[in-house]
Each structure stands twice: as C-alpha cells, then as structure tokens.
Amino acid sequence: SAKDMKHRLGFLLQKSDSCDYSSSHGKKEKISSSQRLSQEEVRKWADSLENLIHHDRGLAAFRAFLKSEYSEENIEFWVSCEEYKKTKSPAKLSPKARKIYDEFISVQATKEVNLDSCTREKTSHNMLEPTLSCFDEAQSKIFTLMEKDSYRRFLKSPYYLDLVSPPGAGCGPENCKRNHTHTLDCNSNIISQCA
C-alpha cells in the first residue's frame, strides 16, 4: 500500500542518512529540516530524469525507489561517475577509475551494471590510461537505461505520486483526516534528511 511505501521510503532515507552522516555533516547543517519541498519542484522531476537526479531530494527519492526494486547499482554507478569527473589530481585518476571499474563493470563486479559487450570492452580498454572521460560512454548507456525503464516506473510509483498528487487524490478513508500539505511536508522532511 502507499502507506507502507511511504514508511519504507522514510526508513531507507533515515538509514541512508545515518550512514552518510559523518561524511556530509557540514552539508546537513546548511539544510534546514523545516525546508519545504514545493510541488513545483517535484513536478519538474517529471520533465526529465536529469531534473530528478540533479536535485538532491529527487536523487534521494529515486535512489530509495531503485533500492525497493533491487536495482540501485545503476544510480550508484551514475553518481560514482559524476564524482569521478570532479577528480583534480591526475595521480588519483587511476585508483579511482579502478575502484569504479571493479565495483560496477568488471565480470566479477559486486554491483555489475547492465552494459553491452562493446561498451564494456571499450571501458575496459580505457582503464589502461584512465582519463576524466573514460566512463562517459558507459555512464551514458546506464543513464539511457534508467530513463527508458526505471524512471518511468518511478513516476508512477508512490515514491513520486505521494509527493506530487493534488490534495485529496488517492486518499483512503484512514488518511482523509490529514490534509495533503501535511503529507507533502512529512515527505519533504524525510527526503531532506538524505539531501
């Protein structure tokens, strides 16, 4: 049910929050827990996958959805590639690239992403002399895969619909006493914990 999904989303985001706490504590201080996620922001997530994953709270909601489908390796790979592209030290390129390759692309990868053999081979060849763009093709393929598949399911899921639905929509008898604004605030607070 939608209520169960909301609870699961909250649980996953809180769990993620506690895991990420030490690495991003400073960032969290800047985000007020009372910040509200506007319906306009949430509606923009339906315009494109880019809008969704370039918004901290959208990324958190999408990641929670993918975890519920046991396919979070795709978004984890995409995020790892984005972080990798920010590498400033040439000396760090090779070890970082190897870590991403071993985790997501190699035949024995623990979180192997679904790539065609040609892209996998090209990426493997790029590992000989890693550059900031060595994962671009693989990242693009995974982005397209998410865009055509899981993103469309996400937009039809309670993870998204509970945040964007107009007041009273999908309201069961047990929920009708709560107004939609309260529901939106609750969800945005849950998501903001992970942002």
Side-chain angles (χ1 to χ4, degrees), residues 1-17 19-20 24 31 35-86 100-101 103-105 109-120 122-123 133 135-166 169-170 180 183-184 186-195:
S1 76
K3 196 172 182 181
D4 291 339
M5 288 296 230
K6 238 188 272 183
H7 181 269
R8 255 184 260 149
L9 174 65
F11 173 75
L12 288 170
L13 293 178
Q14 286 170 349
K15 185 176 173 187
S16 173
D17 181 46
C19 294
D20 295 342
S24 58
I31 297 171
Q35 269 185 332
R36 288 197 173 85
L37 186 59
S38 76
Q39 290 229 334
E40 186 182 328
E41 283 178 297
V42 175
R43 280 191 199 101
K44 284 181 185 171
W45 298 352
D47 292 343
S48 71
L49 177 57
E50 280 205 9
N51 284 358
L52 174 68
I53 61 181
H54 283 101
H55 189 286
D56 287 345
R57 296 176 194 176
L59 178 61
F62 188 53
R63 190 182 296 228
F65 168 73
L66 291 177
K67 279 184 181 180
S68 77
E69 290 200 332
Y70 303 101
S71 63
E72 68 266 25
E73 69 279 352
N74 291 328
I75 195 65
E76 287 180 19
F77 172 68
W78 185 87
V79 169
S80 294
C81 290
E82 288 297 291
E83 289 299 315
Y84 174 77
K85 287 187 231 179
K86 296 174 188 169
I100 291 171
Y101 181 82
E103 190 173 2
F104 298 104
I105 296 173
T110 53
K111 300 175 182 178
E112 186 179 351
V113 291
N114 187 7
L115 292 171
D116 59 272
S117 58
C118 186
T119 306
R120 194 177 298 276
K122 187 174 179 186
T123 308
S133 61
F135 294 110
D136 284 1
E137 188 176 334
Q139 184 185 21
S140 175
K141 297 265 176 152
I142 293 303
F143 180 88
T144 302
L145 182 73
M146 290 190 296
E147 190 173 42
K148 290 181 177 175
D149 187 30
S150 44
Y151 172 61
R152 291 178 182 177
R153 285 197 308 278
F154 169 77
L155 294 177
K156 295 174 185 172
S157 76
Y159 289 89
Y160 179 71
L161 294 176
D162 283 355
L163 292 171
V164 79
S165 59
H180 180 71
T183 306
L184 181 65
C186 289
N187 284 322
S188 63
N189 284 337
I190 289 167
I191 291 173
S192 71
Q193 291 174 4
C194 200

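Looking at every heavy atom in both residues, A61 comes nearest to Y159 through O-CD2, 4.2 Å. Nearest heavy-atom pair across K85 and D136 is CE-OD1, 3.7 Å. For the residue pair S80 and I100, the shortest heavy atom distance occurs at O-CD1, 3.6 Å. For the pair A138 and I105, the tightest heavy-atom approach, listed with the atom from each and the gap, is CB-CD1, 4.4 Å. In this structure, M146 and F62 approach most closely via the heavy-atom pair SD-CE2, 3.9 Å. Shown here for L115 and T119, the closest heavy-atom pair between the two residues is CD2-CG2, 4.2 Å.
The aromatic rings of F143 and W78 are tilted relative to each other, their planes meeting at an angle between 30° and 60°.
Annotation: side chain of E73 is not in contact with side chain of E103 (no heavy-atom distance under 4.5 Å). Using a 4.5 Å heavy-atom cutoff, the side chains of E41 and S38 are in contact. The shortest side-chain heavy-atom distance between F104 and E112 does not fall under the 4.5 Å cut-off. Contact annotation: the side chain of L145 never approaches that of K141 to less than 4.5 Å [non-hydrogen atoms, C-beta and beyond]. Taking 4.5 Å as the limit, every side-chain heavy atom of E147 sits out of range of all side-chain heavy atoms of E50.
Taking CD from E76 and NZ from K67, the interatomic distance works out to 6.5 Å, rounded to the nearest 0.5 Å. With rounding to the nearest 0.5 angstrom, the CG atom of L155 is 7.5 Å from the CG atom of L52. Atom OG1 of T144 and atom CG of D149 lie 12.0 Å apart (nearest 0.5 Å). Rounded to the nearest 0.5 angstrom, K86 NZ and C81 SG are separated by 12.0 Å. Residue F77 holds its CZ atom at 6.5 Å from CD of Q139, rounded to the nearest 0.5 Å.
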Problem - Residue pair R152, K156: steps toward the side-chain contact (heavy atoms from CB on, under 4.5 Å) verdict - result: CA-CA 7 Å; R152 291 178 182 177; K156 295 174 185 172; 5.6 Å; no
Practice task
Evaluate side-chain contact (heavy atoms from CB on, under 4.5 Å) for F65 paired with E72, printing each intermediate quantity in order.
Solution key: CA-CA 8 Å; F65 168 73; E72 68 266 25; over 6 Å; no
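For K122, the NZ atom sits in a loose shell: 12 or fewer heavy atoms of surrounding residues, nucleotides or ligands are nearer than 6.0 Å.
The backbone N or O of A46 sits less than 3.5 Å from a side-chain atom of Y151, completing a donor-acceptor pair.
Every residue two or more places apart in sequence or in another chain that forms a side chain to side chain contact (heavy atoms under 4.5 Å, CB included) with L59 is listed here: I53, R63, I75, V79. Residues that satisfy the ring pair (Phe, Tyr, Trp, His ring centres under 6.0 Å) test with Y160, not counting sequence neighbours, are F154. Partners of Y84 under the ring pair (Phe, Tyr, Trp, His ring centres under 6.0 Å) rule, at least two apart in sequence or in another chain, are F135.
Side-chain polar atoms of S71 and N74 form no donor-acceptor pair below 3.5 angstrom.
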